[in-house]
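Below you'll find the structure, written out as structure tokens, and then a few comments.
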Amino acid sequence: MSAKIIEKKLIRPPDVFYYKVSAPLISKKARPGQFVIIRLNEKGERIPLSLADINPEEGTISLIVMAIGKTTSEMATMKAGDEILDLCGPLGQPTHIEKTGKVVLVGGGFGVAPLYPIAKAFKAAGNEVVTVMGARSRDLLVYEKEMNAVCDRVVVTTDDGSRGIKGPVTAALEQELSKGGADLVMAVGPAIMMKFVCRTTEPFKVKTIVSLNTIMIDGTGMCGGCRVRVGGETKFACADGPDFDGHLVDWDMLLGRQKMYVAQEKESFEAWKKRHAHAVSEGE
Amino acid sequence: MEEKKKPKIIPAKTPVPEQAPLARRSNFKEVSLGYTKELALEEASRCFGCKNRPCVGGCPVGVPIPEFIAFLKAGEFQKAINKIKETNLLPAVCGRVCPQENQCEKFCTLAKKHEAVAIGRLERFAADWERENGKGGTPPLPPPTGKKVAVVGSGPAGLTCAYDLAKQGHKVFIFEALHAPGGVLFYGIPEFRLPKDIVRREIESLRKMGVEIVTNAVIGKLITVDELLDDYDAVFISTGAGLPKFMNIEGENLNGVYSANEFLTRVNLMRAYQFPEYDTPIRVGERVAVVGGGNVAMDAARNALRLGAREVTLVYRRSEVELPARKEEVHHAREEGVRFELCVNPARIIGGNGWVEAIECVRMDLCEADESGRRSPKPITGSEFQIPVDTVIMAIGTGANPLVPQNTKGLALTKRGYIAADEETGKTSREGIYAGGDIVTGSATVISAMGAGRRAARAIHKYLSGEK
Ligand SMILES: Cc1cc2nc3c(=O)[nH]c(=O)nc-3n(C[C@H](O)[C@H](O)[C@H](O)COP(=O)(O)OP(=O)(O)OC[C@H]3O[C@@H](n4cnc5c(N)ncnc54)[C@H](O)[C@@H]3O)c2cc1C
Ligand SMILES: Cc1cc2nc3c(=O)[nH]c(=O)nc-3n(C[C@H](O)[C@H](O)[C@H](O)COP(=O)(O)OP(=O)(O)OC[C@H]3O[C@@H](n4cnc5c(N)ncnc54)[C@H](O)[C@@H]3O)c2cc1C
Ligand code: FES
């Protein structure tokens, strides 16, 4: 099944884009915390993307994508009306949502986007929801307005102090936990950030859920490329996760496996940039 | 005997032209080039056309072998292929990948003293002849019955079931999780053994018969089997045995360790061998170890060579005679230079900086079968040795993917998590739900999956026609 892009906008210059995609069936089934796998064209790679919003009435899903390599940059050149060749989902287990009391969500960079439907769901289940979100500087923050609309409180941090509290998210999280505690913490973002969030929450003995971003292919449990060690057991992030108890995750293995193809990714990106520049100049 | 003259026995199979081992090591083109017309006629003439047809009994779908070979002898190639197709939907595939030496050819009368008739090669010849010269076409279809069937998974079991049901006038929808149909035929078995074009054509002819194929549809996630039952009159589950197994030894999660499924999927489905023209990368390095002894292991090893590995070692814990792979694949792998370390088992994988550097193995005692069949190999203490490698590929088998069973209430499973289904009909514990292929038997063969699809189609047709 291919899927049409209905709306696209640049939400954080220069490289973070919002896409609304027509996906009637997926939107009816998807739950917060799940993801989709897309392939842009015949020669394309399959890449996983989290659901940044789910709208069953409209029959759409939203994706927030940061252009960092070949596939995500190619996607950045697509426009409303274009078709994504393959869209597969919803995949993974939904985030476990229940009423626990106070939930603190921690988002790094554009990792805040997938937290949006999760925040809505925790709120709807009757929890107090606080979000701690951070970025290097104010221009790099995304989804602040959206999160403000659904959370009880949003704490913003920037490394350079250009907005909110100056410092890393973990410092603000630590403050939040020492002041008011929490019944559950959930972190989404770069692996290294999630690792440090878990270090921060450990002394507070607060259960901390993380959403792991391993390299994936099929996303159905068929290849094992996405395997992670959790509590001494091998798990497949696409099928058993992506959510896991962060205090049990073998972070070094995850960080190592994410780098498996760095050299090839660079080669592929460079080759694409050349082809793309050529295509653009031909088009002029 | 009222025979006029005894047929002359030709003891050996007519050799089939192949790409030379050194040349094919560096390309992905098909290894076996297949018989020419002349060679096929020569080989066909070796068949006596025995009255008791022992070969047919050895074929899981009962292809009328002496009959099709008789047509070949007479030069009636179209009739020969039509004969095969009476019971086998995918002769171009089966002629290439069936383990004939354990099936039809094992029972060939000639095989008692000599080499069996090369039934597989003849089957392939007939199928290829039709593709190039014949009027393939689709069978005439009866008027639509108005019944709808959902088939889950598009491997050989699903494709066969869909074909047979469509031929009865039922409307069939196949739901496939991946972006391309064909199951293992597409994502697992390599191009150099089974060109993907052949699989694509077979699927195209199904589409021409009105079968709809919905890709990127993960049943159990996007739609459950129960929801399918709301819209369809019956469901056939043929999701295969796609869950890769690992050994749970130290170092298995290092960078450079692949499951065979991942390795083959990257190469076949994602075409990593054409990187960077295709986006998906793969890393092979200079030296590769493949753990296992089946077709999957041979495919992984031979792919690794083609991707540029200098040295590929296959590590298998039993002896030569027990290698479960097709004989021809073992032979081809050896010719291409794959090294075999037999009666050897991996103990751990050693790494540095997160990457594989070596695999440590131990030699096994009691690894040869005795009179009673298979014994359990035991490690010999002190026999540990290391093979320096950049990549390790685990090809030690697969299990049942729990996705569909987990999301289908009341579906009875076997102890090992496969779907419990009647062998003759594919009936499961739930009315209207049938199952067949590797998801019922565990990893088996293309032809057995096709057989299961065919038997289930018969049962589903009866069920839809109101017969009990
Ligand atoms: C469950 C999950 C949800 C994700 N959600 C989002 C999201 O909502 N928005 C977003 O922008 N990104 C998301 N990602 C990350 C996204 O998949 C990668 O950024 C993307 O694959 C990069 O592809 P590329 O070709 O542009 O870059 P590349 O240069 O190929 O890769 C850059 C980095 O991305 C990772 N990566 C590469 N290929 C894959 C792959 N096939 N699968 C997973 N990771 C890969 C690697 O760590 C790599 O170093 C998610 C990842 C996972 C696993
Ligand atoms: C590398 C390799 C080499 C082999 N070589 C040989 C050989 O030489 N000769 C031989 O006879 N046999 C061989 N086999 C075995 C043979 O391919 C299998 O026994 C056969 O393909 C099983 O057919 P199937 O239809 O049951 O399942 P499969 O071919 O496994 O197809 C199952 C399909 O279902 C799809 N699926 C799974 N879950 C879902 C879901 N939830 N929703 C929708 N779709 C789903 C899968 O993506 C897949 O496409 C080989 C197997 C492998 C892996
Ligand atoms: S991505 Fe293949 S098993 Fe998870």
Side-chain angles (χ1 to χ4, degrees), chain A residues 1-3 25-26 28-30 34 36-47 69-71 74 85-92 217-229 233-234 236 239 250 252-261 263-265 267-272, chain B residues 175-180 187-188 214-224 227 239-246 248 252-266 269-272 274-283 351 353-355 394 398-399 401-404 406:
Chain A
M1 272 178 289
S2 62
L25 261 180
I26 296 178
K28 280 180 189 60
K29 276 305 171 69
Q34 289 188 300
V36 292
I37 281 191
I38 61 149
R39 192 175 70 125
L40 294 179
N41 52 52
E42 272 309 325
K43 296 183 177 176
E45 185 170 17
R46 294 169 64 99
I47 66 158
K70 154 82 186 10
T71 306
E74 190 165 18
L85 180 62
D86 294 297
L87 174 67
C88 179
L91 299 169
I217 307 178
D218 57 296
T220 64
M222 181 271 270
C223 78
C226 62
R227 62 196 187 279
V228 287
R229 291 289 283 178
E233 275 180 64
T234 296
F236 291 178
D250 179 342
D252 294 339
M253 171 185 151
L254 173 72
L255 287 160
R257 287 187 63 87
Q258 283 182 338
K259 296 199 195 90
M260 178 135 169
Y261 298 103
Q264 285 93 332
E265 284 155 1
E267 181 185 348
S268 164
F269 194 20
E270 294 305 322
W272 176 79
Chain B
F175 295 91
E176 168 56 49
L178 294 171
H179 59 255
Y187 79 72
V214 188
T215 51
N216 298 314
V218 183
I219 300 306
K221 291 278 180 194
L222 183 65
I223 313 170
T224 62
E227 286 164 337
T239 46
L243 191 76
K245 283 188 189 148
F246 290 93
N248 285 317
E252 228 171 2
N253 295 321
L254 287 165
N255 281 350
V257 183
Y258 287 102
S259 76
N261 266 12
E262 179 183 357
F263 190 77
L264 293 169
T265 300
R266 282 182 182 271
L269 179 72
M270 305 311 297
R271 302 237 207 169
Q274 285 168 288
F275 179 87
E277 188 196 341
Y278 282 73
D279 292 348
T280 305
I282 194 155
R283 289 201 48 151
N353 284 325
W355 285 88
M394 289 291 172
T398 51
N401 189 322
L403 224 161
V404 168
Q406 253 171 21

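Keep in mind that the numbers below use all heavy atoms, side chains included, and drop hydrogens, waters and symmetry copies. Sequence lines set the chain letters: A, B, ... in the order given, protein chains first and strands last, and positions in each chain run from 1.
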Original post:
Out of B/Thr280, B/Asn261, B/Thr265, B/Asn255, which one racks up the most heavy-atom pairs below 4.5 Å with chain A?
Top reply: B/Asn255

**OP:** Tell me, for B/Phe263 versus chain A, whether the close heavy atoms (under 4.5 Å) come from the side chain, the backbone, both or neither.
**Re:** neither

Original post:
Side chain, backbone, both or neither: which part of B/Glu227 has a heavy atom under 4.5 Å from chain A?
Top reply: side chain

**OP:** Could you tell me whether the side chains of B/Asn253 and A/Arg257 share a donor-acceptor contact shorter than 3.5 Å?
**Re:** no

Original post:
Heavy-atom distance under 4.5 Å between the side chains of A/Phe236 and B/Pro244, does that happen here?
Top reply: yes

Subject >> Side-chain donor/acceptor of A/Lys29 to backbone N/O of B/Leu222, under 3.5 Å >> reply: yes

Original post:
Given the options B/Thr224, B/Leu264, B/Asn248, B/Val257, which has more heavy-atom pairs under 4.5 Å with chain A than any of the others?
Top reply: B/Val257

Subject >> Which atoms of A/Met222 approach chain B - backbone, side chain, both or neither, heavy atom under 4.5 Å >> reply: both

**OP:** Enter the distance from A/Glu45:CD to B/Phe275:CZ here, rounded to the nearest 0.5 Å.
**Re:** 8.5 Å

**OP:** Measure from the side-chain N and O atoms of A/Ser268 to the backbone N and O of B/Pro276, and report whether any donor-acceptor pair falls under 3.5 Å.
**Re:** no

Original post:
Could you go step by step and tell me if B/Met270 and A/Arg39 meet the side chain to side chain contact (heavy atoms under 4.5 Å, CB included) rule?
Top reply: CA-CA 10 Å; B/Met270 305 311 297; A/Arg39 192 175 70 125; 4.2 Å; yes

Subject >> Atom of A/Gly44, atom of B/Asp279 and distance for their closest heavy-atom approach >> reply: CA-OD2, 3.3 Å

Subject >> Part of A/Thr234 lying under 4.5 Å from any heavy atom of chain B >> reply: side chain

**OP:** Identify which part of B/Leu403 has an atom lying under 4.5 Å from any heavy atom of chain A, answering side chain, backbone, both or neither.
**Re:** side chain

Original post:
Does any heavy atom of chain A fall under 4.5 Å from the side chain of B/Gln274, the backbone, both, or neither of them?
Top reply: neither

Subject >> Engaged part of A/Arg229 at the chain B interface, taking heavy atoms whose separation is under 4.5 Å >> reply: side chain

Original post:
Between B/Tyr278 and A/Glu42, is any pair of side-chain heavy atoms under 4.5 Å apart?
Top reply: no

Original post:
chain B: which of A/Glu267, A/Lys28, A/Arg46 shares the most heavy-atom pairs with it under 4.5 Å?
Top reply: A/Arg46

Subject >> Among the listed options A/Ala271, A/Gly224, A/Pro90, A/Ala30, the residue most often paired with chain B at heavy-atom distances under 4.5 Å >> reply: A/Pro90

Subject >> Shortest non-hydrogen contact between B/Glu262 and A/Tyr261, atoms and distance >> reply: OE2-OH, 4.0 Å

Original post:
So what's closer than 4.5 Å to chain A heavy atoms on B/Arg283: side chain, backbone, both or neither?
Top reply: both

**OP:** Please look at A/Lys43 and chain B and tell me whether the side chain, the backbone, both or neither of the residue comes under 4.5 angstrom of a heavy atom of that chain.
**Re:** both

**OP:** For each of B/Leu254, B/Leu269, B/Ile282, tally heavy-atom pairs with chain A at distances under 4.5 Å, and name the one with the top tally.
**Re:** B/Ile282

Original post:
Pick one: which of A/Asp218, A/Ile217, A/Asp86 meets side-chain contact (heavy atoms from CB on, under 4.5 Å) with B/Leu178?
Top reply: A/Asp218

Subject >> Shortest non-hydrogen contact between A/Cys88 and B/Ala177, atoms and distance >> reply: SG-O, 3.8 Å

